[in-house]
Amino acid sequence: MSTTSPSTASTAATRPGPLLSVRELQVHFPTQDGLVKAVDGLTFDLEAGKTLGIVGESGSGKSVSSMAIMGLHRGTNAQVSGEIELAGVNLLDISADEMRRKRGRDVSMIFQDPLSAMHPYYTVGNQIAEAYRVHHSVSRKIAKQRAVEMLDRVGIPTPEKRVNDYPHQFSGGMRQRAMIAMGLINDPGLLIADEPTTALDVTVQAQILDLLQDLQREFNSAVIIITHDLGVVAEMADDVLVMYAGRAVEHGPCKEILTHPEMPYTWGLLSSVPDLSGDTGARLVPIPGNPPSLLNPPSGCAFHPRCPHRDKVPGDLCRTELPLLVPGERGGHHTKRCHLPNPDAIYATEVLPEIAPDLAVERAKEL
Amino acid sequence: MLAYVIRRVFAGVIMLIVMSIVTFALFFASPIDQESFICGKNCSAAQKKETAAAMGYDDSFINQWSDFAKGVVAGRDFPDDPKLRETAPQTIVRCEAPCLGYSRERGDTVTNLIKDTFPVSFSLAVAAFVLWMAGGILFGVLAALKKGMLIDRGVVGLSLIGFAFPTFFVGLLLYKFVAIQWGLTEIPRYTSIAEGGIGGWLSGLTLPAITLCLFFMAAYVRMTRSYVIESFQEDYVRTARAKGLPERTVTFKHALRAALTPIVTMAGLDFAGLMGGAIITESVFNYPGMGKLAVLASTDFDLPTTVGLVILLAGFVIAANIVVDLLYAVIDPRVRLG
């Protein structure tokens, strides 16, 4: 990476505090039927070199918040407020042109479906080189050379030949590798990967995740990985943020969230993951119902209409009052947005025996 | 690639042959009796028969068509009578291949008629094409960029008006006011480049070309607008923005490039259709092109001219189809290998 100009990743390393700091982010879309609150008060930090996994169902606000960090809601009717501080600069305060110059250089993004995310009429090399040339005034030839280097780095065989291919001549996995090359060519401090493996074959998914981890270490980038696949989160993330109806409902270190989740929605997500190595007696329990309408979100806790544990909460609290994002029972950096008392015990005695009986036995011994 | 072109051209030729048979058949099936048309009202039955024999109308459909086909390939004489060739060779008109027939009404071979009228129609088509493509794409992109705003509504509204007004009405309006009443342009009159130079050619073309282009421009504005709006929704346009490209590059290099493919296809076919003559515009401005010739030929029941024009126009459309398909491969790399 000696050829690139000083990047924000290195400047951020010398600056105290997190690389990315999001405070009370709101993204609202006025529509004819009313205001859609796609993201409503999202707060999180991300250190350089670390990975945050954002998990949730479709429509929970994962992608909308990442688009806000990229500044891609500018020029649309979206109302974005709050604070998105990247390496000390609030991205919501700067001009459209300043934001444009950060895009692709300080923060870049790779998308879910690499086939539709690449222009069908331009060669892969042209598109990657274009990403380099926007932010570096170099000749086409040098930019193309950089594209070949990057293709080589992401594991495309004979990159000097493949650089002249069109996206449709690449396989799905190779296209996603090319997208990653495009995303990292300017050595950005922050990389947002929006469901980077969802459109790929299962066999290719692991390769892509490995590649992302390797490159993250090499480039020391912070990564936000957006997914609905907890397997991906378990593999990649340092921190996990679970989103529901535009809000964070549980947030904490990855291991803590996966082993001691305290919010029934997270339990639901965990119950929906098939476990190949585990007990064959384990059940796959789907979350009942559908994600709520963001136009008319349920009162109180947005999850209460689908929550199987709401009767354990005294009174009508779940329906009437929005729970705050407060530290969980086990302390640390684990926060949750739920009224349920002693959730860890309920998880261990009621949920875990259903979805992973073997783990439940172990947990019972610990208790 | 070459095999593909050969296959397409071969299919095109077969289509042309079928077209010529169908046009012939239509004339045979029509209730008008050609020999009395030529011979006149007071013709006796015997005279009529004689006329039919002299004109070759008594021959079978197959024979008449094969004479025509022979003329296209090898040329033919009119009338094709060996006796006459010996006694009065000066009365015979030699029509060289490709001979599309001889128009008795116009006293000339169809090939010559087309040679005279084609440059007129072609000039008009080219001028209108340039105007409507430039205007259509420009205003279409503008409307797409300002979608929902006043400019967009204005452009869409105007194009609706352009689309709704019939060509003959717009043509007459322009002719009467711009050329005659206000004298802003000369009276439109076809002037070939050889005759009046580029300037003369252009000034003679201005009004007819504007008249002709308005209808197409309206359609192309709306088409470009909707294709560009559509391609702004594409994921690759979001990728282009995510790279940090300036909006200009996003619009023209990424969004418009994808929207152009269907526009080019349409444009090729529309242009080919116009090369066969713009019937209404040519009639309004009294332009001696193929459109006007087609109108005269069909009212005069001039079979050779009509068949010749139909086949020529069919040939243009078929050729344009092939060209557009080949062009597609140039524009869209996904077609190249598939």
Side-chain angles (χ1 to χ4, degrees), chain A residues 63 66-67 69-77 96-124 126-136 164-169 175 178-179 182-183 185-186 188 191-192 194 199, chain B residues 1 137 141-153 224 227-265 324-338:
Chain A
S63 294
S66 62
M67 300 276 278
I69 298 170
M70 289 292 290
L72 287 175
H73 292 304
R74 286 164 186 262
T76 71
N77 65 346
D97 200 51
E98 284 169 312
M99 185 66 232
R100 178 183 73 69
R101 269 177 275 147
K102 284 191 175 297
R103 242 180 255 144
R105 192 186 63 190
D106 296 344
V107 48
S108 69
M109 189 160 177
I110 57 179
F111 299 98
Q112 186 180 133
D113 181 0
L115 181 60
S116 62
M118 292 188 115
H119 202 296
Y121 297 168
Y122 296 108
T123 62
V124 171
N126 180 335
Q127 297 185 53
I128 296 176
E130 186 184 36
Y132 190 64
R133 271 165 59 88
V134 197
H135 302 293
H136 299 84
N164 294 320
D165 277 359
Y166 289 92
H168 70 272
Q169 290 165 294
R175 272 195 289 267
M179 277 302 289
M182 192 191 291
I185 195 163
N186 295 311
L191 178 72
I192 302 173
D194 189 351
Chain B
M1 190 65 173
I137 291 176
V141 171
L142 185 71
L145 287 178
K146 306 280 174 195
K147 185 183 149 200
M149 291 197 250
L150 203 63
I151 296 179
D152 175 35
R153 278 161 209 228
T224 308
Y227 283 128
V228 170
I229 286 175
E230 198 179 300
S231 75
F232 264 116
Q233 310 291 322
E234 295 283 353
D235 284 357
Y236 51 76
V237 170
R238 187 182 55 183
T239 310
R241 288 210 178 97
K243 282 183 202 174
L245 292 175
E247 204 54 28
R248 192 167 18 94
T249 317
V250 172
T251 306
F252 290 101
K253 187 178 170 189
H254 290 260
L256 183 61
R257 176 75 161 81
L260 274 183
T261 313
I263 296 172
V264 165
T265 312
V324 161
D325 281 352
L326 295 179
L327 214 60
Y328 226 97
V330 176
I331 298 175
D332 188 344
R334 285 171 300 184
V335 181
R336 242 170 264 169
L337 301 147

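Residue numbering restarts at 1 for every chain, and letters A, B, ... go by the order of the sequence lines.
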Quiz item: Of the listed residues (A:G104, A:S116, A:G183), which shares the most heavy-atom pairs with chain B below a 4.5 Å separation?
Solution: A:S116

Quiz item: How many angstroms lie between atom CG of A:N126 and atom NZ of B:K253, to the nearest 0.5 angstrom?
Solution: 4.0 Å

Quiz item: Rounded to the nearest 0.5 Å, what separation is found between the CG atom of A:L115 and the OH atom of B:Y236?
Solution: 11.0 Å

Self-check item: Per-residue contact mode, A:M118 against chain B (heavy atom under 4.5 angstrom)
Solution: backbone

Self-check item: Side chain proximity check, A:Y122 to B:R257, heavy atoms < 4.5 angstrom
Solution: yes

Quiz item: Knowing that exactly one of A:R105, A:R103, A:M182 qualifies, which makes a side chain to side chain contact (heavy atoms under 4.5 Å, CB included) with B:K243?
Solution: A:M182

Quiz item: What residue, out of A:A131, A:P120, A:P167, A:G71, has the most heavy-atom pairs lying under 4.5 Å from chain B?
Solution: A:P120

Quiz prompt | Part of B:A258 lying under 4.5 Å from any heavy atom of chain A | solution = both

Quiz item: Minimum heavy-atom separation for B:P246 to A:V134, with atom names?
Solution: CD-CG1, 4.4 Å

Self-check item: Close side-chain approach of B:V250 and A:R100, heavy atoms under 4.5 Å
Solution: no

Exercise. Quick one: which of A:R133, A:E130, A:M179 has the most heavy-atom pairs under 4.5 Å with chain B, could you say?
Key: A:E130

Practice problem: Would you please classify the geometry between the A:H119 ring and the B:H254 ring as parallel, tilted or perpendicular, with 30° and 60° separating the classes? | Solution: perpendicular

Practice problem: Name the region of A:M67, side chain, backbone, both or neither, that has any atom closer than 4.5 Å to a heavy atom of chain B. | Solution: side chain

Exercise. Give, as side chain, backbone, both or neither, the part of A:Q112 having an atom under 4.5 angstrom from any heavy atom of chain B.
Key: neither

